[in-house]
Amino acid sequence: MPDRTIYSIRKNRFESGFHPGFVLESDGTLRGCENAASHCLCLKAVDSGKGDSEWGRLTLDIRRPEDMICYVHVAALNEDSFYREGRPTRIEDFLCNPRETSSIKKEFFGRIEALRFVNRTDMLLYSLKGRYLYLMLELVGEGSCEIGGLRVDMQGDNFMNTFPAVYQERDSFFHRWLSIFSSLYNDFDVEIDRLAERLDLDTCPAEYLSVYASWLGVDVGNDFLGEEILRPLVKEAYALNRMKGTKAAIERVSEIVLGEKVRVLERNVMADYIEPEQMAEFERLYGNSVHDVTILVKEVLPELTKTRLLFLLNQFKPARARLHIISVQREGVLDDYAYLDMDVQIAGQKKGTLDEKQALDGAVRLEE
């Protein structure tokens with residue numbers, strides 16, 4: 001059985017190629033621009049390292065509207081250059097040259113008898129033979145599209161060589177029919193190879209995070225929290241479970257959601273330091289029960305952020321604790337409903353003029 005070689009075409013190959021009409025995302029996905037009439041992708045050669053290499057299977061993941069047509073041109077050659085107007089020209093430089101039109105490039109593929117596929121995501125390349133594999137992909141139509149998961153498998157099948165020699169005719173009907181089962185087998189193999197990546201909390205897809213959180217007994221409400229909160233939360237879920245019901249757990253969960261440290265005040269502990277004549281005002285701010293816990297944050301929280309925070313804190317707080325969130329802004333102004341408590345100061349008035357685009361907040365006044 002020949003050696004199994006798979007070429008994964010990812011971000012670095014896309015960057016070195018030519019892809020007008022596409023935007024390359026940080027995760028290596030090509031996202032088509034909706035206002036582009038057509039989208040084209042030309043890649044530099046995939047080099048097998050030896051002449052007359054036999055190619056197996058080409059697969060890709062693509063999302064596109066039904067009325068958008070996808071053309072894939074694939075060719076294999078032993079040469080990496082050709083003569084154009086009497087001068088040698090590297091084929092990959094020609095394909096990735098932004099000054100060359102798509103029609104000329106398609107004409108080139110036609111002259112070298114390339115394979116052409118329409119609206120296919122799984123393609124057999126058994127008829128191709130050559131050291132270098134050249135690829136051009138074109139999407140025609142309006143709408144958004146995505147391309148990723150581009151792979152070239154040189155072997156293509158796993159079982160052909162196990163049959164008698166009389167059946168081992170390459171690109172025969174039997175060979176192509178047998179490739180159905182090889183494709184299923186190879187796809188399972190790829191998925192198994194990616195298990196480590198999908199179990200890694202730093203690299204796994206975002207949709208897996210809610211599943212991993214449920215394994216650790218944390219309810220994250222599916223997509224309610226967002227990936228920016230969900231990923232660090234799941235990474236620390238085991239440690240948070242170990243300190244559930246403590247002040248440290250409330251502080252850490254709040255820091256994950258808000259991105260900054262908070263002050264957690266326990267009413268039962270603070271009450272011992274309050275004078276009797278100040279107790280009524282104290283209880284109005286921090287509650288009148290030994291189970292009241294107050295969280296001080298520096299900014300006014302949007303309603304969604306506050307809901308997310310309370311949703312998680314209710315899973316890690318002590319059983320009978322009652323949580324209160326107080327937003328303490330950096331500056332306060334008298335007669336503006338500001339409590340003069342910790343982290344609050346009286347700000348002096350500032351002068352402002354309309355022509356300087358100043359925000360006329362409570363600390364800015366206009367001069368006559």
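Nothing here was measured: the structure is a model prediction, and the numbers come from that model.
Looking at V72 and L58, their side chains come closer than 4.5 Å, going by heavy atoms from C-beta outward. Side chains of L135 and L150 form a contact here, defined as non-hydrogen atoms less than 4.5 Å apart. By the 4.5 Å heavy-atom criterion applied to side chains, Y71 and K106 are not counted as neighbours. No side-chain heavy atom of E25 sits less than 4.5 Å from a side-chain heavy atom of E146. The side-chain heavy atoms of V74 and F109, taken from C-beta on, include no pair separated by under 4.5 Å. Between S48 and L133, every side-chain heavy-atom pair lies at or beyond the 4.5 Å cut-off. You'll find the side chain of I250 reaches within 4.5 Å of the side chain of P318, heavy atoms only. Using a 4.5 Å heavy-atom threshold, the side chains of I325 and L323 count as separate.
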Evaluate salt bridge (Lys or Arg N to Asp or Glu O under 4.0 Å) for K105 paired with E138, printing each intermediate quantity in order.
CA-CA 11 Å; K105 295 174 184 179; E138 185 180 23; over 6 Å; no
Starting from the C-alpha separation in whole Å, work towards a yes-or-no answer on salt bridge (Lys or Arg N to Asp or Glu O under 4.0 Å) for R322 and D292.
CA-CA 5 Å; R322 298 189 303 185; D292 285 311; 2.9 Å; yes
Verdict with reasoning, K306 to E303, per salt bridge (Lys or Arg N to Asp or Glu O under 4.0 Å):
CA-CA 5 Å; K306 185 177 180 180; E303 193 61 32; 5.5 Å; no
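Checking V46, T5, I6 one by one against M154, the side chain to side chain contact (heavy atoms under 4.5 Å, CB included) holds for a single residue, T5. Evaluated for a salt bridge (charged side-chain N to carboxylate O under 4.0 Å, His left out) with R131, the options D47, D80, D52 yield exactly one hit, D47.
The aromatic rings of W215 and Y212 lie tilted to each other, with the angle between the two planes from 30° to 60°. Using cut-offs of 30° and 60° on the angle between ring planes, the pair F94 and F82 is perpendicular. Classified by interplanar angle (parallel below 30°, tilted 30° to 60°, perpendicular above 60°), the ring pair Y167/F163 is perpendicular.
We find the CD-CZ distance between E283 and R267 to be 5.0 Å, quoted to the nearest 0.5 Å. To the nearest 0.5 Å, atoms CZ (R63) and CZ (R31) are separated by 8.5 Å. Note that the CG atom of L201 and the OH atom of Y208 stand 13.0 Å from one another [nearest 0.5 Å]. Rounding to the nearest 0.5 Å gives a distance of 9.5 Å between CG of L216 and CG of L233. Atom CD1 of I147 is separated from atom CD1 of I62 by 4.5 Å, given to the nearest 0.5 angstrom. Here the straight-line distance linking atom NE2 of H175 with atom CG of L124 works out to 8.0 Å at 0.5 Å rounding.
Of all non-hydrogen atoms in F18 and N97, the two that sit nearest each other are CE2-O, 4.4 Å. Across all non-hydrogen atoms, the minimal contact from C145 to F22 is SG-CE2, 4.0 Å. In terms of heavy atoms, I256 sits closest to L240 at CD1-CD1, 4.3 Å. Contact record, R64 with L139: CD-CD2, 4.2 Å, taken as the closest heavy-atom pair. Closest of all the heavy-atom pairs between S172 and M160 is OG-CE, 4.5 Å.
For N119 (side chain) and C70 (main-chain N/O), a donor-acceptor pair under 3.5 Å exists by modelled atom type. The backbone N or O of L310 lies less than 3.5 Å from a partner atom in the side chain of N314, making a donor-acceptor pair. Between the side chain of W55 and the main chain of A75, no donor-acceptor pair closer than 3.5 Å is present. Between the side chain of R84 and the main chain of T89, no donor-acceptor pair closer than 3.5 Å is present. Side-chain atoms of R170 never come within 3.5 Å of backbone atoms of S127 as a donor-acceptor pair (strictly under, hydrogens ignored). For S327 (side chain) and E299 (main-chain N/O), a donor-acceptor pair under 3.5 Å exists by modelled atom type. Without hydrogens or angle criteria, R308 side chain to F224 main chain gives a donor-acceptor distance under 3.5 Å. In this structure a side-chain-to-backbone donor-acceptor pair under 3.5 Å is missing from H324 to Y286.
A search for side-chain hydrogen bond (donor to acceptor under 3.5 Å, both in side chains) contacts involving R176 returns D171, not counting sequence neighbours.
I112 and M123 fall into different hydrophobic clusters, where Ile, Leu, Val, Met, Phe, Trp and Tyr side chains are chained together by heavy-atom contacts under 4.5 Å. Note on M136 and Y132: same hydrophobic cluster, where clusters join Ile, Leu, Val, Met, Phe, Trp and Tyr whose side-chain heavy atoms are under 4.5 Å apart, directly or indirectly. Taking hydrophobic clusters as Ile, Leu, Val, Met, Phe, Trp and Tyr residues chained together by side-chain heavy-atom distances below 4.5 Å, V262 shares a cluster with L312. Residues V218 and L230 fall within the same hydrophobic cluster, defined by Ile, Leu, Val, Met, Phe, Trp and Tyr side chains chained together at heavy-atom separations under 4.5 Å. Both L209 and F311 belong to a common hydrophobic cluster when Ile, Leu, Val, Met, Phe, Trp and Tyr are linked at side-chain heavy-atom distances under 4.5 angstrom.
Shown here is R13, whose CZ atom has more than 12 heavy atoms of other residues, nucleotides or ligands within 6.0 Å. Other residues, nucleotides and ligands place more than 12 heavy atoms under 6.0 Å from the CD atom of E15.
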